[in-house]
Amino acid sequence: MAEGEASESTDFDAVVVGAGFAGLYMLHKLRGAGFSTRVLEAGSGVGGTWYWNRYPGARCDVESVDYSYSFSPELEQEWTWSERYATQPEILKYLDHVADRFDLRRDIQFDTKVTSAHFDESAKRWLVRIEAGVTLTARFCIMATGCLSAPKLPEIEGVETFARATYHTGHWPHEPVDFTGLRVGIIGTGSSAIQSIPHIARQAAHLTVFQRTPNFSVPAWNHPLEPDYVAEIKSDYRARRELCRTSQAGFPVTAVGEAASVVAPDERQRRYEEKWAEGGLRFLGSFTDLLVDPASNETAAEFIRSKIREIVKDPETAAALSPRDYPAGAKRLCVDTGYYETYNRPNVTLVDLRKHPIERITEDSVVTAVDTYELDALIFATGFDAMTGALSQIEIEGAGGCTLKEKWNDGPRAHLGLTAAGFPNLFMITGPGSPSVLSNMVVSIEQHVDWITECMEHMRAEGLERIEPEPGAEDEWVELVSALAEFTLFPRANSWYRGANVKGKPQVFMPYVGGVYTYRQQCDEVAQSGYKGFSLA
Ligand code: NAP
């Protein structure tokens, strides 16, 4: 059956919203367990985040051999990643391969945007409405909507009036974009900008980067994967996957290490150099206390700043690129290829918005108090309404008539980051209150999908129709998530982790910082206890 030609039925055991990493595996797993399932996907193909984020230089910051499904030993043996960090096209190719290999497309309805999901108490079913006005019904509604899937424009006067070409990194055109000979502006210096800036600078006549807050970035040292290395990984992939599952962040890390605070300065410097040379997010694992001890963190922050000074020739630009007012890693650390070097190019200008904020955008320019920058193309690398944005865009109404958006007015509340009191038979894959964005997403997605499937199987076996967390259990979980975060330096940055990038969004640190292994154990204990903290009927 071709894409978009899923079967005629409108009633299912489960409706899954989204066909990214989470939705695809959820479908595969539910099908295997004998549950009729329909996946609804707004895009015209599979991939989720990797379908939409096609900006130049888009690449994963988790190593490809680990950023992949572990559920099928055959799949992991037959697929070979070409580079240390996979590009967006290669990840999309992988997900297309997965969809074909497991024959998933026949249960996916593409080009289908979900507008609302209401729980019908009398029918004990979710009524899931799509844009075309059609309603599907299902006993379970599973949100696989992703954590970074609701792109956000900046709140700048006149933002919608720019009459020349505009782009958002999170919603990039599918056709190639050619910036040759153009004056290009980019607003934002998060991961998306840091990856795309070196590529755009090589094409554009001039690139103007509008930076409000500098980010910490470490080199990727990306390279092709040697066949011997791939063979070695594949010879013991199962053990590597197990290491990921039992780790803090979903990476195969074995050594526990020591705290920066107990190490002599010379040794500390040596370790940072070593980690810098290794590249990637592991830099934050140089020492065990970098995300809990401000003084230790400052040693890492200063090391990165010293690298920026070394690389960027103009001292004023180097200073503007150096973060000073939040701990390294408290905002998502960026992983780059030639980002800081790009500022040595004569066709790149950094505009420090802390000195002169953008006052307005006109039909052809970005205007600050001191300058007007006329541009042929303007790129918004301004991020996402993270973790709750995609869920809030759907009117999700629970058993008592309250919507999830209303329930989350003061911040998200989700038991185990998976379920919400008042919303029976609703699951959120990598929802707020789970490790999600602080981990290798694929590891966390697989754990949630497995847990949800087992829960549904348990309910079927016991003849149960309805599961919902008890409000008390949910309160305890939300308190735990918040208390754990307070032990760390994460809350000290104005990050999207705590909703700080969206005007009016409650400032609550959303992800669970306790690590994927501890979290998995907690979820497993709940299941093994017969779903303690949940009411089942
Ligand atoms: P982001 O990290 O939220 O960065 C958005 C940028 O836009 C920030 O620099 C922000 O400045 C700026 N901005 C927003 N509104 C602005 C305004 N009104 N005026 C000026 N600047 C404004 O978004 P992102 O770069 O898309 O990345 C989001 C997350 O996606 C990452 O943290 C990462 O988890 C994930 N991601 C991963 C990869 C990867 O795997 N390599 C690549 C891309 C994205 P402020 O900081 O001052 O708000």
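First listed ligand is number 1; within each ligand, the first listed atom is number 1.
- Of the polar atoms of Tyr55, none of the N or O atoms is found under 3.5 Å from an N or O of ligand 1, judged by distance alone.
- Side-chain contact check for Arg498 and Gln507: at least one donor-acceptor pair (N or O, by modelled atom type) lies under 3.5 Å.
- Those atoms of ligand 1 with a heavy atom of Gly188 less than 4.0 angstrom away are 6 (C), 7 (O), 9 (O), 12 (C).
- Centroid-to-centroid, the aromatic rings of His448 and Tyr519 come within less than 6.0 Å.
- Residue Gln195 has at least one nitrogen or oxygen atom sitting less than 3.5 Å from a nitrogen or oxygen atom of ligand 1, judged on distance alone.
- The closest protein non-hydrogen atom to atom 37 (C) of ligand 1 is Ser191 CB, 4.1 Å.
- Residue Thr169 has no nitrogen or oxygen atom sitting less than 3.5 Å from a nitrogen or oxygen atom of ligand 1, judged on distance alone.
- Taking any N or O of Asn215, backbone or side chain, none lies under 3.5 Å from an N or O belonging to ligand 1.
- Under the 30°/60° scheme for interplanar angles, the aromatic rings of Phe303 and Phe283 are found to lie parallel.
- Glu76 and Ser70 form no side-chain donor-acceptor contact under 3.5 Å, judged by distance and modelled atom types alone.
- Taking the centre of each ring, Phe21 and Tyr69 come in below the 6.0 Å mark.
- In this structure, Phe102 has its ring center no closer than 6.0 Å to that of Tyr25.
- Classification of Arg183 and Asp376 as a salt-bridged pair holds, one side-chain N sitting under 4.0 Å from a carboxylate O.
- In terms of N/O distances under 3.5 Å, ligand 1 is approached by Thr213.
- If you check which protein heavy atom lies closest to atom 18 (N) of ligand 1, you get Pro154 CB, 3.3 Å.
- Using a 4.0 angstrom heavy-atom cutoff, Ile156 counts as in contact with ligand 1.
- Looking only at heavy atoms of the protein, atom 40 (O) of ligand 1 is closest to Asp61 N, 3.0 Å.
- Each of the following atoms of ligand 1 lies closer than 4.0 Å to a heavy atom of Lys331: 46 (O).
- Proximity of Ile187 to ligand 1 is established by a heavy-atom distance of less than 4.0 Å.
- Only side-chain heavy atoms of Leu353 come within less than 4.0 Å of ligand 1; its backbone N, CA, C and O stay farther off.
- Of all protein heavy atoms, the one lying nearest to atom 27 (O) of ligand 1 is Ser192 OG, 3.9 Å.
- Near Arg59, meaning under 4.0 Å from one of its heavy atoms, ligand 1 places the atoms 39 (C), 40 (O), 41 (N).
- Between Phe384 and ligand 1, not a single N/O pair is under 3.5 Å apart.
- Scanning the protein heavy atoms around atom 10 (C) of ligand 1, the nearest turns out to be Arg212 NH2, 4.4 Å.
- Separation of the Trp81 and Tyr94 ring centroids falls under the 6.0 Å cut-off.
- Remark: Glu83 engages Arg59 in a salt bridge, criterion side-chain N to carboxylate O under 4.0 Å.
- Closest to atom 32 (O) of ligand 1, if we only count protein heavy atoms, is Trp496 NE1, 3.0 Å.
- Here's the thing with Lys152: none of its N/O atoms is less than 3.5 angstrom from an N/O atom of ligand 1.
- Ala381 counts as a contact of ligand 1, since one of its heavy atoms falls under 4.0 Å from the ligand.
- Within ligand 1, the atoms closer than 4.0 Å to a non-hydrogen atom of Thr189 are 6 (C), 8 (C), 9 (O), numbered from 1 in the order shown.
- Looking only at heavy atoms of the protein, atom 23 (O) of ligand 1 is closest to Gly383 CA, 3.1 Å.
- The aromatic ring centres of Phe380 and His168 sit 6.0 Å or more apart.
- The distance from the CZ atom of Phe210 to the OG1 atom of Thr368 is 7.5 Å, given to the nearest 0.5 Å.
- Near Cys60, meaning under 4.0 Å from one of its heavy atoms, ligand 1 places the atoms 40 (O), 41 (N).
- Annotation: atom 4 (O) of ligand 1 to nearest protein heavy atom, Gly190 CA, 3.6 Å.
- One finds the NZ atom of Lys275 at 6.5 Å from the CZ atom of Arg282 (value rounded to the nearest 0.5 Å).
- Remark: the Lys505 side chain and the Thr388 side chain contain an N/O donor-acceptor pair separated by less than 3.5 Å.
- No donor-acceptor contact under 3.5 angstrom links the side chains of Asn215 and Ser217, judged on distance only.
- Under a 4.0 Å criterion applied to the non-hydrogen atoms of Leu148, ligand 1 contributes the atoms 29 (C), 30 (O), 34 (O), 35 (C).
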